Amino acid sequence: MILNFGSINIDHVYRVPHMPAPGETLAVTSYERFLGGKGANQSIAIARAGGEVRHIGAVGADGSWALERLDEAGVATDHIARADAATGHAIITVDDAGENQILICGGANQGLAEDNVRSNLDNGDPASDWVLLQNETNLSGKIVTSARARGYRIAYSAAPFVAEQAIPLLGSIDLLVVNAIEARALAGHLDVEANALPVEQVLVTHGGEGARLHMGSDVIDQPSFEVAPVDTTGAGDTFLGSFLALYSSGSSAEDAMRYAAAASAIQVTRPGAADAIPGRSEVSAFLEGQDM
Ligand code: RIB
């Protein structure tokens, strides 16, 4: 089981011919509403990859449909609180190359309650469960400290990246997930090389180029599969959730990386974040057609 303490967002996605410049007014070519939030995307990726995941978070009164989507995907939602605040949301612009810019507004994601965190950690099984978290909810420090004290393995996606928030957690986690820019920024703050961050396992995503997993002194490189991207929103979340689903249930790191690369390659060919994440049979069929 993966206990995912994570955000749930309503993604407002605007397709634009190009990213607006400061001061520019730009007409969008389309608008759609999707389920998103790094936490929710990762939970859905875990579930669609066949993993068992409980999502611990919060939505407002406007978030019932988001819970239904998570439920439909097979995510356990019984510990998602109903907060007295609007569900978190994101304003996302996506250009013709599928690149995005994202503004997030935390809303209910910032209302995670300490007793919800505590009871979930008390009722889990540190011998087999992983704890997963990102930077889009409150209480990240508390979640890591309490999970560590109980002996859970902890995966931490340091996004959105704030060095001051990430650095104090590094000594207590097992798997750090960052993109290449964040890895360099962290390394700069810590005055170490980017490939020498002080966590046993570090997964660095390199966008369209692939991902690299550092496991102690071992390195596993996973190139991206070549596809024509339509929307890259949530690709990193898809990679992490898919990887963790397989890795935490006994697959080798190499197999988990390959699966994750395939899942995110498929995900970027469709619009939206959570809704675009493929299931296991689609990923397996994709992988059978590949020669790498
Ligand atoms: O990583 C992509 C996600 O970031 C989006 O779904 C958006 O909600 C923001 O949290």
Side-chain angles (χ1 to χ4, degrees), residues 4-16 19 31-48 53 55-60 62-63 65-67 69-70 73 75 80 85-95 98-112 132-138 140 155-162 165-166 176-182 203-208 211 229-244 260 263-278:
N4 185 6
F5 295 84
S7 59
I8 301 168
N9 283 343
I10 299 170
D11 283 358
H12 299 277
V13 180
Y14 302 88
R15 303 286 317 194
V16 289
M19 293 302 171
Y31 162 75
E32 278 181 279
R33 186 187 76 159
F34 293 104
L35 172 62
K38 296 184 194 308
N41 299 339
Q42 289 163 17
S43 279
I44 292 212
I46 293 165
R48 296 220 169 118
V53 55
H55 194 100
I56 300 109
V59 293
D62 54 343
W65 65 275
L67 298 194
R69 293 277 175 82
L70 286 159
V75 177
I80 298 176
T87 301
H89 75 268
I91 303 291
I92 304 179
T93 47
V94 181
D95 70 11
E99 289 300 337
N100 62 59
Q101 283 182 349
I102 304 179
L103 298 174
I104 56 167
C105 175
N109 294 316
Q110 294 301 321
L112 225 66
L132 169 62
L133 72 158
Q134 320 76 30
N135 271 346
E136 286 186 347
T137 67
N138 60 322
S140 53
Y156 169 54
S157 162
F161 182 70
V162 181
Q165 210 170 331
L176 170 70
V177 185
V178 281
N179 66 30
I181 297 167
E182 294 158 356
L203 175 57
V204 184
T205 55
H206 291 266
V230 165
D231 181 356
T232 56
T233 311
D237 304 329
T238 304
F239 196 104
L240 167 55
S242 307
F243 170 80
L244 198 58
S264 39
I266 297 169
Q267 193 264 355
V268 301
T269 63
R270 312 198 266 240
D275 299 298
I277 299 171

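Every value quoted in this text rests on a predicted model; they were computed, and no experiment measured them. First listed ligand is number 1; within each ligand, the first listed atom is number 1.
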Exercise. Crowded around I181 CD1? As in, over 12 foreign heavy atoms under 6.0 Å?
Worked result: no
Problem set entry | R15: partners by salt bridge (Lys or Arg N to Asp or Glu O under 4.0 Å), with sequence neighbours left out | none
May I have every N or O pair linking ligand 1 to the protein at under 3.5 Å, one per line with atom names and distance?
unit_1	atom_1	unit_2	atom_2	d
ligand 1	1 (O)	K38	NZ	2.9
ligand 1	1 (O)	D237	OD2	2.7
ligand 1	4 (O)	K38	NZ	3.1
ligand 1	6 (O)	D11	OD2	2.6
ligand 1	6 (O)	G37	N	3.0
ligand 1	6 (O)	N41	ND2	3.1
ligand 1	8 (O)	N9	ND2	3.0
ligand 1	8 (O)	D11	OD1	2.6
ligand 1	8 (O)	G37	N	2.9
ligand 1	10 (O)	N9	ND2	3.2
ligand 1	10 (O)	K38	N	3.4
ligand 1	10 (O)	E136	OE1	3.0
ligand 1	10 (O)	E136	OE2	2.7

Exercise. For H206, what residues pass the ring pair (Phe, Tyr, Trp, His ring centres under 6.0 Å) criterion, not counting sequence neighbours?
Worked result: none
For this session: State which residues pass side chain to side chain contact (heavy atoms under 4.5 Å, CB included) with N9; sequence neighbours excluded, sorted by chain then number.
Result: D11, A90, I104, N109, E136
Problem set entry | Between OG on residue S7 and CD on residue Q42, distance to nearest 0.5 Å | 7.5 Å
Seminar exercise, completed: Rounded to the nearest 0.5 angstrom, the OG1-CD distance for T233 and Q267 is 8.0 Å
